[in-house]
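A short worksheet on the structure shown next.
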Amino acid sequence: MDVNRLIQGKLADFFEVSVDYLTGHSNIPSADALGLLPVSTHCVPLLGTVHCGEPSFAEQEFESYVEAGAEIHADFALRAKGDSMTGARIQDGDIVFIRRQDTVNNGEIAAVLIDDEAALKRIRYLPGGMTMLQAENPAYEPIFIGGEGEIRVVRILGKAIAFQGDVK
């Protein structure tokens with residue numbers, strides 16, 4: 001290695017700038033020196049709509065891919081439709097990132113399949129084996145599952161782990 005390059009490298013490290021900046025070949029010091037972090041994203045498949053209101057027929061259909069930050073470990077995304085989750089800041093049209101899992105903890109938000117209808121609700125486990133699917137908007141009544149004579153089939157598709165939307 002050239003001694004000049006070695007010295008330039010040491011000086012650039014000391015001043016926390018790039019060698020190109022130090023030698024006048026760039027006017028940008030370095031991302032580190034500016035306090036910037038590299039942006040890392042990946043694509044998550046957008047598989048259709050999940051209703052935030054009354055559950056409606058679920059049809060999983062690939063729409064496109066959406067970009068997610070590296071910290072979002074989602075298996076798929078759904079577009080929110082309706083206003084029942086506005087108390088959780090999830091608005092109509094927002095993209096909700098879902099991690100596929102069969103169960104969620106009490107109080108977590110999940111994409112749920114009720115018979116053939118999909119909805120996004122907060123899950124509340126009640127005594128006696130009942131489950132309440134709760135909206136985050138007082139205009140919507142909760143849905144109770146698991147009572148005596150229950151015939152509906154309910155399945156958790158996954159946990160909502162993040163969402164993104166437009167500033168309104």
Gln134 and side-chain hydrogen bond (donor to acceptor under 3.5 Å, both in side chains): which partner among Glu141, Arg122, Arg124?
-> Arg124

Taking all heavy atoms of Arg79 and all of Ile95, pick out the closest pair and write down the distance.
-> NH1-CD1, 3.4 Å

So, Ser84 and Lys121: side-chain donor and acceptor under 3.5 Å apart, yes or no?
-> yes

Are the side chains of Asp83 and Tyr140 in touch, meaning some heavy atoms are under 4.5 Å apart?
-> yes

Using the rule that two of Ile, Leu, Val, Met, Phe, Trp, Tyr join whenever any of their side-chain heavy atoms come within less than 4.5 Å, decide whether Val154 and Tyr125 are in one cluster.
-> yes

Do Ile156 and Met132 belong to the same hydrophobic cluster, where Ile, Leu, Val, Met, Phe, Trp and Tyr are linked whenever their side-chain heavy atoms lie under 4.5 Å apart, directly or via other members?
-> no

Drop me the distance from Thr86's OG1 to Asp94's CG, to the nearest 0.5 angstrom.
-> 10.5 Å

For Arg89, does the CZ atom sit with more than 12 other heavy atoms under 6.0 Å from it, leaving out its own atoms?
-> no

State, yes or no, whether a side-chain contact exists between Phe97 and Gln164 at a heavy-atom distance under 4.5 Å.
-> yes

Do His42 side-chain atoms and His73 backbone N/O form a donor-acceptor pair below 3.5 Å?
-> no

Knowing that exactly one of Ile143, Leu120, Ile123, Ile145 qualifies, which makes a side chain to side chain contact (heavy atoms under 4.5 Å, CB included) with Val112?
-> Ile123

Is the number of heavy atoms from other residues, nucleotides or ligands within 6.0 Å of CD (Glu67) greater than 12?
-> no

